[in-house]
Participant: 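Have a look at the structure that comes next, please.
Here, residue 1 is the first one in the sequence, and each next residue gets the next number. Worth knowing before you read on, the calculation uses all heavy atoms, side chains too, and leaves out hydrogens, waters and symmetry mates.
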Amino acid sequence: TTTRRTAYELLHAETPSSTKALKALTALQGVGPVTASALLCRTFPQHVAYMSDEAVLGSGLVKKASDIKYDMATYTRFNSMVISKA
């Protein structure tokens with residue numbers, strides 16, 4: 001699809017943007033940051049971390065699972081934290 005192609009092009013760019021790529025996929029109905037990260041992390045692990053509950057808790061971003069917000073702001077902070085440590 002065009003949306004998927006756009007997301008992949010954004011990550012293949014000279015300056016890859018995981019945030020823009022995820023936003024392109026989350027424009028699809030029913031696709032949030034977690035699903036988008038699952039789709040992209042397999043192909044672009046150097047730019048996109050999978051946002052699982054366990055990974056978010058392990059990163060120290062939140063103290064308990066009920067504090068996890070499944071939104072772009074949380075994903076962006078989580079991804080930056082994880083990718084900088086990888």
Side-chain angles (χ1 to χ4, degrees):
T1 67
T2 302
T3 302
R4 187 189 77 217
R5 192 174 357 201
T6 299
Y8 280 70
E9 287 169 357
L10 287 164
L11 287 166
H12 275 298
E14 192 169 318
T15 307
S17 175
S18 59
T19 303
K20 288 180 182 177
L22 259 75
K23 283 182 180 180
L25 288 178
T26 58
L28 297 170
Q29 186 174 352
V31 177
V34 176
T35 303
S37 72
L39 293 169
L40 294 173
C41 74
R42 299 282 296 166
T43 306
F44 302 101
Q46 69 278 25
H47 300 297
V48 180
Y50 174 58
M51 186 182 178
S52 68
D53 291 351
E54 295 82 3
V56 174
L57 289 169
S59 73
L61 191 61
V62 297
K63 300 290 183 215
K64 54 187 179 180
S66 61
D67 292 338
I68 300 172
K69 293 182 179 148
Y70 302 96
D71 58 17
M72 283 302 296
T74 303
Y75 179 78
T76 301
R77 288 194 331 266
F78 166 74
N79 193 58
S80 294
M81 182 182 285
V82 172
I83 296 300
S84 72
K85 292 180 181 182

Participant: Show me the pairs that pass side chain to side chain donor-acceptor pair (under 3.5 Å) and involve residues 51-63, at least two apart or across chains.
Facilitator: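 As it turns out, the side chain to side chain donor-acceptor pair (under 3.5 Å) pairs with a partner in residues 51-63, which skip direct neighbours, are Asp53-Tyr70.
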Participant: Looking at Ile83, Val56, Ile68, Val62, which one forms a side-chain contact (heavy atoms from CB on, under 4.5 Å) with Phe78?
Facilitator: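 Only one option passes, and that is Val56.
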Participant: Provide the closest heavy-atom pair for Ser37 versus Ala49 in the form atom of the first, atom of the second, distance.
Facilitator: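 So the two residues come closest at CB-O, 3.5 Å.
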Participant: Taking Arg77's backbone N and O only, do any of them form a donor-acceptor pair with Ser80's side chain (distance below 3.5 Å, no angle check)?
Facilitator: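 No; judged by distance alone, with no hydrogens or angles, the pair does not exist.
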Participant: How many angstroms lie between OG1 in Thr35 and CG in Leu40, if you round to the nearest 0.5 Å?
Facilitator: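 Output value for this atom pair is 11.0 Å.
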Participant: Considering non-hydrogen atoms only, spot the tightest contact between Leu57 and Ala65 and give its length.
Facilitator: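 Smallest heavy-atom distance, with atoms named: CD2-N, 3.5 Å.
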Participant: How far does OG1 of Thr26 sit from CE of Met72, to the nearest 0.5 angstrom?
Facilitator: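 Those atoms lie 5.5 Å apart.
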Participant: Sequence neighbours excluded and cut-off under 3.5 Å, please list the side-chain donor-acceptor pairs for residues 41-48, or say none.
Facilitator:
none

Participant: So, taking the atom named OG1 in Thr76 and the one named CG in Leu22, what distance separates them when rounded to the nearest 0.5 Å?
Facilitator: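 One gets 8.0 Å once the value is rounded to the nearest 0.5 Å.
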Participant: Hey, are the side chains of Met51 and Thr74 touching, using non-hydrogen atoms and a 4.5 Å cut-off?
Facilitator: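 Sidechains of Thr74 and Met51: in contact.
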